[in-house]
Amino acid sequence: MYIFDSVQKIKRLFTPQNEGKVSLYVCGPTVYDDAHLGHAKSALVFDLLTRVLKANGYAVTYARNITDIDDKIIKKAQEQNKTIKEITEFYTEAFHKEMQSIGVSRPDLEPKATESLDAMFTLIQKLIDSNHAYKTEDGDVYFDTSSDSEYLSLSKRVQEEEEKQNRVESSSAKKNSADFALWKSVKDGSITFDSPFGAGRPGWHVECSAMIEKHLALPHAKFAVDIHGGGADLLFPHHENEAAQTRCGTNHALANYWMHNGFVNIDGEKMSKSLGNSFFLKDALKVYDGEVLRFYLLSTHYRSNFNFNEEDLQSAKKRLDKIYRLKKRLFGLACGTEKTLFQEELLKALSDDLNISNSLALIDAMITHANETLDTAGKHKELKAQTLSNLGYIEEVLGFGMKNPFEYFQSGVDETTKAKITELIFQRDEAKKIKDFITSDRIRDEILLYGIGIMDTPQGTFWEKV
RNA sequence: GGUGCCAUCGCCAAGUGGUAAGGCCGCAGCCUGCAAAGCUGCUAUCCCCAGUUCAAAUCUGGGUGGCACCUCCA
């Protein structure tokens, strides 16, 4: 398995620290708003990664945190006159539900900031004790970036430039403008947490380092986790700061491999909170099938920026349709389990830094070959068994083709319409029997008005939503 | 201003030194009562210029054009 390490900027052969076992940590959502397509993309990418790692025989421990302490959460709670727990539980539940609808499995661990404060205190205290952090007169605790000779080694930025160009107003209490808060004291009477450093709230960066120590890190390992992932925007400052905290506050570095997924743009425009053009997953799910969204968002390499638009989505849907058409063709047959060359090649492609393009090309070739053989030798038993096994493998490793193929093509059609279609198809069959093609074609046109296309096969007439 | 990324057929998109995968769209054909689905065939020399090399889309230098991060962000 090869992984592109976004810190070393090269593709590296993946070797876990513990043979056969992989620890993966991914920065999860701050639960104060609905998940947008960018959250979906990130979740999908690392869902795919865990599937591929498992297919390679690794036992994977995948942790994705839930940030449930944050100024934005508190602001929202105050605005809506709710507790932060009401806010975070609502959005956490929505997040889980929406992720499930695009086929994202739950991580093994989902640590929450509110449940990891003890680990944060321990880490902050260690940083203070080792002179990597300092308290200000206001009661804040800052990480001293000048104490870490390797600071900026992740993002390869230049310190002087950072300071000169730093757009954040630097607090006079900070020693260096790049220093970031580990603990923010709060004295305005709003929501706070008690800590050895006084009442306040943790800084954002510290929670990930602390949770990794608490839930994943091996005590004597060189790296706390094998792989650390997240969106491309997190490399700096978030991951830079996480890495600094762990490096200085523990006896190991944070991660051996760093993976950052590209951004999702909407019709060529960056999607961001400040621009207010977020495309929420829940809205996308009202219009598009969850699995189509999954396929579409995964159909481009994870590191590339992704431009979401209707035309490409429809093009991706047609590609997914082909998987389901083949599945439909073999519907009802017992699932095969034999390993095939195709599966070997598919895993090889995916194991090359998740090369999805090559993987999809292999799938298309497999589908074409299967269809071709079924066209010419419909009773080819061995081919059928292998194809079913291949389709099962695609489900397992990529999460494509999980549904009943008939339901997939008919999703979104209500029962009344279904009954009507069935009736019309019956009438058309009667007309066809007596070769009254004028009537049968008229009925087909009528069915089309419902947005339904039909196809005559030796097994009878089937219909699909167009 | 700093740092980094990218530029491949109408569209999406692999390939990163050995002579351009795949999908969508389009055209032609097979199949079909006709369709749909499926199958077959056809469609690019890789932004521009210069260089290195027996050989470059792939490496180097210079342009041009996009984009991202440096601020909450996946």
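Chain letters run A, B, ... following the sequence lines, proteins first and then strands; every chain starts at 1. Being a predicted model, the structure only gives us computed values, none of them experimental.
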SB check K97(A) E93(A) (cutoff 4.0 Å): no
Taking atom P in both A20(B) and U58(B), what distance in whole Å separates the two? 14 Å
Give a yes/no on whether any side-chain N or O of K435(A) is located under 4.0 angstrom from OP1 or OP2 of C34(B). no
Partner of G61(B) by Watson-Crick or G-U wobble geometry, both contacts under 3.5 Å, or none? C49(B)
Roughly, in whole Å, what's the span from NE2 in H369(A) to C1' in U40(B)? 15 Å
Taken to the nearest whole Å, CZ/F308(A) to C1'/C11(B) is 16 Å
For G15(B) versus U52(B), give the span between their C1' atoms, rounded off to a whole number of Å. 22 Å
Determine the interatomic distance between P on G4(B) and the same-named atom on G22(B); round to the nearest Å. 36 Å
Go through A14(B), A37(B), C73(B) for me and flag the one nearest to the H39(A) side chain. C73(B)
Considering Watson-Crick and G-U wobble pairs with both distances under 3.5 Å, what does U3(B) pair with? A68(B)
Roughly how many Å is it from NE2 in H239(A) to P in G4(B), rounded to a whole number? 20 Å
Using a 4.0 Å heavy-atom cut-off across all strands, classify G230(A) as base, sugar-phosphate, or nothing. sugar-phosphate
Any W463(A) side-chain N or O less than 4.0 Å from OP1/OP2 of A36(B): no
Would you say the base of A74(B) stacks on F263(A) (centre-to-centre below 5.5 Å, plane angle below 30°)? yes
If you look at every strand shown and take non-hydrogen atoms under 4.0 Å, does G38(A) touch a base, only sugar-phosphate, or nothing? base
Which part of the nucleic acid, if any, lies within reach of R428(A) when heavy atoms closer than 4.0 Å are counted: base, sugar-phosphate only, or nothing? base
Are K317(A) and D321(A) within salt-bridge range, i.e. N to O under 4.0 Å? yes
With the side chain defined as heavy atoms from C-beta on, K9(A) is closest, among C72(B), G4(B), A74(B), to G4(B)
Nearest to the side chain of F437(A), heavy atoms from C-beta on, is which of C73(B), G33(B), A37(B)? G33(B)
Just checking, K403(A) and Y408(A): is the charged tip under 6.0 Å from the six-membered ring centre and within 45° of the axis? no
Do you see a donor-acceptor pair shorter than 3.5 Å between the side chains of D436(A) and T439(A)? yes
Return the value, rounded to whole Å, for the distance between atom NE2 of H301(A) and atom C1' of U16(B). 13 Å
Identify whether any heavy atom of R444(A) sits under 4.0 Å from a base atom; if not, whether one sits that close to sugar-phosphate; answer base, sugar-phosphate or nothing. base
Taking any heavy-atom pair under 4.0 Å as a contact, classify K41(A): base, sugar-phosphate, or nothing. nothing
Does a side-chain N or O from S304(A) land closer than 4.0 Å to OP1 or OP2 of A14(B), or not? yes
Taken to the nearest whole Å, CG/N307(A) to P/A74(B) is 20 Å
Using a 4.0 Å heavy-atom cut-off across all strands, classify L234(A) as base, sugar-phosphate, or nothing. sugar-phosphate
Quick one: does any side-chain atom of K174(A) pair with a main-chain N or O of S177(A) as donor and acceptor, under 3.5 Å? yes
Classify T376(A) by what it touches in the nucleic acid, base, sugar-phosphate, or nothing, heavy-atom distance under 4.0 Å. nothing
Looking at G23(B), C73(B), C70(B), which one has an atom nearest to any side-chain atom of H36(A)? C73(B)
Output the rounded distance in Å from CD1 (I73(A)) to P (C72(B)). 15 Å
Which part of the nucleic acid, if any, lies within contact of R319(A), taking any heavy atom under 4.0 Å across all strands shown: a base, the sugar-phosphate backbone alone, or nothing? base
NA contact type, F462(A), heavy-atom cut-off 4.0 Å: base, sugar-phosphate, or nothing? nothing
At 4.0 Å (heavy atoms only), tell me whether H260(A) reaches a base, stays on the sugar-phosphate, or touches nothing. nothing
Please classify the nucleic acid contact of N358(A) as base, sugar-phosphate, or nothing, using heavy-atom distances under 4.0 Å. base
Nearest-nucleotide wise, let me know which of D364(A) and Y296(A) is further upstream toward the 5' end of RNA chain B. Y296(A)
When the distance from CD of Q8(A) to P of G4(B) is rounded to whole Å, what number comes out? 16 Å
Using a heavy-atom cut-off of under 4.0 Å over every strand shown, decide if N305(A) touches base, sugar-phosphate, or nothing. sugar-phosphate
Would you indicate, yes or no, if C39(B) has its OP1 or OP2 atom less than 4.0 angstrom from a side-chain nitrogen or oxygen of T368(A)? yes
Taking atom C1' in both G26(B) and U64(B), compute the distance separating them and give it to the nearest angstrom. 32 Å
Would you verify whether the NZ or CZ of R12(A) falls within 45 degrees of the ring axis of Y2(A) while also being under 6.0 Å from that six-membered ring's centre? no
Compare the minimum distances between each of A14(B), A21(B), G33(B) and the side chain of A361(A), then state the nucleotide with the smallest one. A21(B)
For D441(A) and A35(B), what is the distance between atoms CG and P respectively, to the nearest whole Å? 10 Å
Both V264(A) and N371(A) contact RNA chain B. Taking the nearest nucleotide for each, which residue is further toward the 5' end? N371(A)
With heavy atoms under 4.0 Å as the rule, sort K322(A) into base, sugar-phosphate or nothing. sugar-phosphate
Full working for side-chain contact (heavy atoms from CB on, under 4.5 Å) between Y296(A) and L44(A): CA-CA 11 Å; Y296(A) 176 44; L44(A) 285 166; over 6 Å; no
Would you please say whether a donor-acceptor pair under 3.5 Å links the side chains of Q100(A) and H96(A)? no
With the side chain of S42(A) defined as its heavy atoms from C-beta on, choose the nearest nucleotide among A74(B), C70(B), G23(B). A74(B)
Between C11(B), C73(B), G23(B), which nucleotide has the shortest distance from any of its atoms to the side chain of D233(A)? C73(B)
What's D456(A) touching, base or sugar-phosphate or nothing? Going by heavy atoms closer than 4.0 Å. base
Should the pair R157(A) and F236(A) be classed as cation-pi, given the thresholds of under 6.0 Å to the six-membered ring centre and 45° from the axis? yes
